[in-house]
Amino acid sequence: MTNPADLADQLRSGELRLYELEDHADADTAAEARRRFLAEETGADLDAIGAYSFEAAKASGAAVENMVGGAQVPLGVAGPVAVDGGSATGEYYLPLATTEGALVASVNRGLSAIDDAGGATARVTDSGMTRAPVFRVSGVAEAETVIQWVDKHTDELRETAESTTSHGKLLGVEPYVVGDNVYLRFAYDTKDAMGMNMTTIATREAAELVEAETTAELVALSGNLCNDKKPAAINAVEGRGRTVTADVVLDRDLVEETLNTTPEAMVEGNTRKNLIGSAKAGSFGFNAHAANTVAATFLATGQDEAQVVEGANAITTMNAREDGLYASISLASLEVGTVGGGTKLATQSAALEMLGLGGSGDPPGANADALAEVIAVGALAGEISLIAAFCSRHLASAHEDLGR
Ligand SMILES: CC(C)(COP(=O)([O-])OP(=O)([O-])OC[C@H]1O[C@@H](n2cnc3c(N)ncnc32)[C@H](O)[C@@H]1OP(=O)([O-])[O-])[C@@H](O)C(=O)NCCC(=O)NCCSC(=O)C[C@@](C)(O)CC(=O)[O-]
Ligand SMILES: NC(=O)C1=CN([C@@H]2O[C@H](COP(=O)(O)OP(=O)(O)OC[C@H]3O[C@@H](n4cnc5c(N)ncnc54)[C@H](OP(=O)(O)O)[C@@H]3O)[C@@H](O)[C@H]2O)C=CC1
């Protein structure tokens, strides 16, 4: 039985559960049956949700369960901008998916200023995706014994963890003790994958070895010292995913003509807002809106959108120099991939292709490094443009004109 109307009837009668439809029909039919059922149940018109362009079979069961259709977000483009990166080289158009009017215009203005200055420099300065299981021990003496075992058997742990992946490499294991809890923070080079599935699977094997060889008992494969998808100082300090910095020097004339302000005003704005204001607020983000560029590029390119939390751990600096304005942004924990996860879906992979960064890099890891560098340059552009808008008192008028 593959007719959506009949399947919807079976949902209504309770013969089938919402998640059982793919056992009886292909992914498109199952989604249509759910829409019919939900439209009747809720009275909502779900036709727009049914107008999706990705291959349902690639999404259903791999990217989403109980698939109903697609949520569409407008996609804009900013650039081009020249990037001199460790992996990114050349001119890039940045895809940005957002519903916030004025955001693409702002990033575009920043990129235009950066490009006029000859482009930005960017480097990934550290890299490593983490997973930190928590183990129960009897107390601190036993914790010490477990840590000593881990220290002496790192090679064995590496071999075990890496047996689950042909790409992932264990970089190290950092132990933490809190009372009768032992946390082992495993860090991996995940090449072009963001790596959360890869590292979780690898760490499960390693954690089982720890359990087999010591008295520690695994409580949870993620003990929150990883730390994934929550605001956490450890990511801001130690980094997670890619740690990446982008910088540029803008001529005084460029600041005055393109950004309608002066280097000195930008420096003062950045110091009073991004540094002092953020410190007083107890913020991890010493920036204006890095999350905007991170979120918009994450949605466009198929990243895990919840990891915008870590992507917002960024510090923006500005200094007035003789030749103009030095501006930088350092993102401590930008978690990106060009393979795996949502990157395989149609619009997301097209956006990665537009950047020239789809799939595996040569060498592996180079594409994800380049993506991190390009996003950092986009975030720098957003910082420059927004701080300039505050200095020239254009923020409210820009959003009046473009954002409503
Ligand atoms: C809106 C602008 C850019 C106008 O800025 P402008 O200088 O008046 O614009 P312009 O017409 O002179 O054009 C300058 C450049 O801007 C770009 N540009 C200009 N218009 C467009 C457009 N329609 N579409 C695409 N690009 C556009 C474009 O690059 C153009 O150069 P050109 O290509 O012409 O040589 C400026 O006022 C601006 O950037 N304002 C700031 C807006 C902003 O950054 N909003 C971000 C969201 S704020 C938020 O969410 C977080 C917050 C604020 O709560 C965080 C916090 O607490 O700080
Ligand atoms: N499990 C969890 O706890 C969590 C999962 N997620 C989700 O995890 C997904 C992302 O996980 P991730 O592991 O990145 O992706 P996938 O689970 O999609 O796995 C990607 C796989 O691609 C293979 N691969 C092929 N070419 C390359 C290359 N050049 N570099 C690296 N790997 C390559 C690797 O296989 P091989 O390993 O065989 O070499 C790798 O494991 C997202 O959907 C995200 O939402 C997010 C947070 C937590």
Side-chain angles (χ1 to χ4, degrees), residues 54-55 57-67 70-71 87 124 127-134 158-171 183-208 218-232 235 240-242 294-295 297-311 333-349 351-353 355-372 375:
F54 54 82
E55 252 182 87
K58 275 195 185 169
S60 178
V64 72
E65 299 78 38
N66 275 350
M67 191 180 119
S87 294
V124 170
S127 187
M129 180 46 80
T130 55
R131 191 40 112 197
V134 53
R158 178 173 293 112
E159 201 180 312
T160 305
E162 291 179 5
S163 70
T164 64
T165 167
S166 56
H167 287 84
K169 300 284 169 223
L170 181 65
L171 299 171
Y183 301 83
L184 299 176
R185 194 173 195 249
F186 288 76
Y188 299 84
D189 177 356
T190 59
K191 306 297 177 190
D192 291 304
M194 178 275 280
M196 268 286 53
N197 279 339
M198 180 199 283
T199 60
T200 301
I201 294 164
T203 305
R204 177 183 59 193
E205 297 295 307
E208 283 172 4
L218 181 68
V219 176
L221 194 47
S222 165
N224 271 13
L225 254 150
C226 315
N227 173 296
D228 196 39
K229 302 182 177 174
K230 274 86 60 180
N235 296 331
R240 187 167 195 259
R242 263 80 181 173
V294 171
T297 52
F298 271 32
L299 282 176
T301 61
Q303 311 304 316
D304 188 323
E305 62 270 17
Q307 291 178 329
V308 173
V309 174
E310 293 91 296
S333 42
L334 190 63
E335 295 149 351
V336 291
T338 57
V339 303
T343 64
K344 57 183 169 293
L345 298 177
T347 68
Q348 290 83 344
S349 81
L352 284 168
E353 288 306 326
L355 284 161
L357 299 175
S360 292
D362 181 17
N367 272 2
D369 280 347
L371 179 61
I375 292 174

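Atoms within each ligand, like the ligands themselves, are counted from 1 in listed order. The residues of the chain are indexed from 1 along the displayed sequence. Side chains are part of it too, since the values below use all heavy atoms of this structure and drop only hydrogens, waters and symmetry mates.
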Colleague: Are side-chain heavy atoms of Arg131 and Arg204 found at a separation under 4.5 Å?
Modeller: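 The answer is no, as the side chains (C-beta and beyond) never meet within the 4.5 Å cut-off.
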Colleague: Check whether Arg240 reaches the backbone of Met129 with its side chain - one donor and one acceptor, N or O, closer than 3.5 Å.
Modeller: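 No, Arg240 side chain to Met129 backbone: no donor-acceptor pair under 3.5 Å.
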Colleague: Looking only at heavy atoms, which two atoms of Met194 and Asp304 are closest? And how far apart?
Modeller: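 Heavy atoms of Met194 and Asp304 come nearest at CE-CB, 4.3 Å.
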Colleague: Looking only at heavy atoms, what is the nearest atom pair of Thr301 and Thr343, with distance?
Modeller: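 Looks like O-CG2, 3.7 Å.
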Colleague: For ligand 2, is any non-hydrogen atom under 4.0 Å from Asp192's backbone (N, CA, C, O), its side chain (CB onward), both, or neither?
Modeller: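 The answer is both.
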Colleague: Any carboxylate oxygen within less than 4.0 angstrom of a Lys/Arg side-chain nitrogen, looking at Lys230 and Asp228?
Modeller: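 No, Lys230 and Asp228 are not salt-bridged.
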Colleague: Are Gly195 and ligand 2 in contact, using a heavy-atom cut-off of under 4.0 Å?
Modeller: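 The answer is yes, since Gly195 has a heavy atom less than 4.0 Å from ligand 2.
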Colleague: Got the closest protein heavy atom to atom 13 (O) of ligand 2, with its distance?
Modeller: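 Protein heavy atom at minimum distance: Met198 N, 2.8 Å.
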Colleague: Residue-level breakdown please: for Asp228 versus ligand 2, do any non-hydrogen atoms fall below 4.0 Å on the side chain, on the backbone, on both, or on neither?
Modeller: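 The side chain, only.
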Colleague: Give the atom numbers and elements of ligand 2 that come within less than 4.0 Å of a heavy atom of Ser166.
Modeller: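 Answer, ordered by atom number: 36 (P), 37 (O), 38 (O), 39 (O).
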Colleague: Record the part of Thr165 in heavy-atom contact with ligand 2 below 4.0 Å; permitted values are side chain, backbone, both and neither.
Modeller: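 Both backbone and side chain.
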Colleague: Could you check atom 7 (C) of ligand 2 against the protein and tell me its nearest heavy-atom contact, residue, atom and distance included?
Modeller: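 Ranking protein heavy atoms by distance from atom 7 (C) of ligand 2, first comes Asn197 OD1, 4.0 Å.
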Colleague: Identify the protein heavy atom lying closest to atom 6 (N) of ligand 2, giving its residue, its atom name and the separation to 0.1 Å.
Modeller: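 Here the closest protein heavy atom is Met196 CB, 3.7 Å.
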Colleague: Say whether, by atom type as modelled, one donor and one acceptor occur between the side chain of Asp192 and the main chain of Pro364 under 3.5 angstrom.
Modeller: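 Checking the backbone N and O of Pro364 against the side chain of Asp192, no donor-acceptor pair under 3.5 Å is found.
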Colleague: Can you name the one residue among Leu225, Thr203, Val219 that meets side-chain contact (heavy atoms from CB on, under 4.5 Å) with Pro133?
Modeller: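 Option passing the side-chain contact (heavy atoms from CB on, under 4.5 Å) with Pro133: Thr203.
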Colleague: Give a yes or no answer on whether the side chain of Asn367 reaches the backbone of Asp362 with a donor-acceptor pair at less than 3.5 Å.
Modeller: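 No; judged by distance alone, with no hydrogens or angles, the pair does not exist.
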Colleague: Of all the atoms in ligand 2, which lie at a distance below 4.0 Å from a heavy atom belonging to Gly341?
Modeller: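 Answer for ligand 2: 15 (O), 18 (O), 42 (C), 43 (O).
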Colleague: Mind checking whether Leu334 and Leu371 have side chains closer than 4.5 Å, heavy atoms only?
Modeller: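 Answer no - side chains too far apart.
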Colleague: List ligand 2 atoms under 4.0 Å from Lys229, heavy atoms only on the residue side.
Modeller: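 Numbered from 1, ligand 2 contributes 46 (C), 47 (C).
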Colleague: I need the atoms of ligand 2 closer than 4.0 Å to a non-hydrogen atom of Thr200, numbered in the order shown.
Modeller: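 Here the atoms of ligand 2 in question are 1 (N), 2 (C), 3 (O).
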Colleague: What is the nearest protein non-hydrogen atom to atom 22 (O) of ligand 2, stated with its residue, atom name and distance?
Modeller: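 The closest heavy atom on the protein side is Val339 CG2, 4.1 Å.
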Colleague: Using a strict 4.0 Å cut-off to heavy atoms of Thr190, name the atoms of ligand 2 that fall inside it.
Modeller: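 Those atoms are 30 (N), 31 (C).
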Colleague: Where is the nearest protein heavy atom to atom 10 (C) of ligand 2: which residue, which atom, and how far?
Modeller: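 Its nearest protein heavy-atom neighbour is Met194 CE, 3.7 Å.
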Colleague: Contact between Val339 and His167 at the side-chain level, heavy atoms closer than 4.5 Å - yes or no?
Modeller: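 When only atoms from C-beta onward are counted, His167 and Val339 do not touch, as no gap falls below 4.5 Å.
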Colleague: Considering only non-hydrogen protein atoms, determine which one is nearest to atom 20 (C) of ligand 2 and report residue, atom name and distance to 0.1 Å.
Modeller: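 For atom 20 (C) of ligand 2, the nearest protein heavy atom is Gly340 CA, 4.0 Å.
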Colleague: Looking at ligand 2, would Arg131 count as a contact under a 4.0 Å heavy-atom criterion?
Modeller: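 Within the 4.0 Å threshold, so yes.
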Colleague: Closest approach of Val124 and Asp369, non-hydrogen atoms and distance?
Modeller: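 Distance-wise, the nearest heavy atoms are CG2-O, 3.7 Å.
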Colleague: Identify the protein heavy atom lying closest to atom 28 (C) of ligand 2, giving its residue, its atom name and the separation to 0.1 Å.
Modeller: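 It is His167 CD2, 3.3 Å.
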Colleague: Please list, in number order, the atoms of ligand 2 under 4.0 Å from a heavy atom of Ser360.
Modeller: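 Matching atoms, with element in brackets: 26 (N), 27 (C), 28 (C), 29 (N).
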Colleague: Side chain of Thr130, backbone of Phe186: donor and acceptor closer than 3.5 Å?
Modeller: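 No: the side chain of Thr130 does not pair with the backbone of Phe186.
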Colleague: What protein heavy atom sits nearest atom 46 (C) of ligand 2, and how far off is it?
Modeller: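 Closest protein heavy atom to atom 46 (C) of ligand 2: Asp304 OD2, 3.3 Å.
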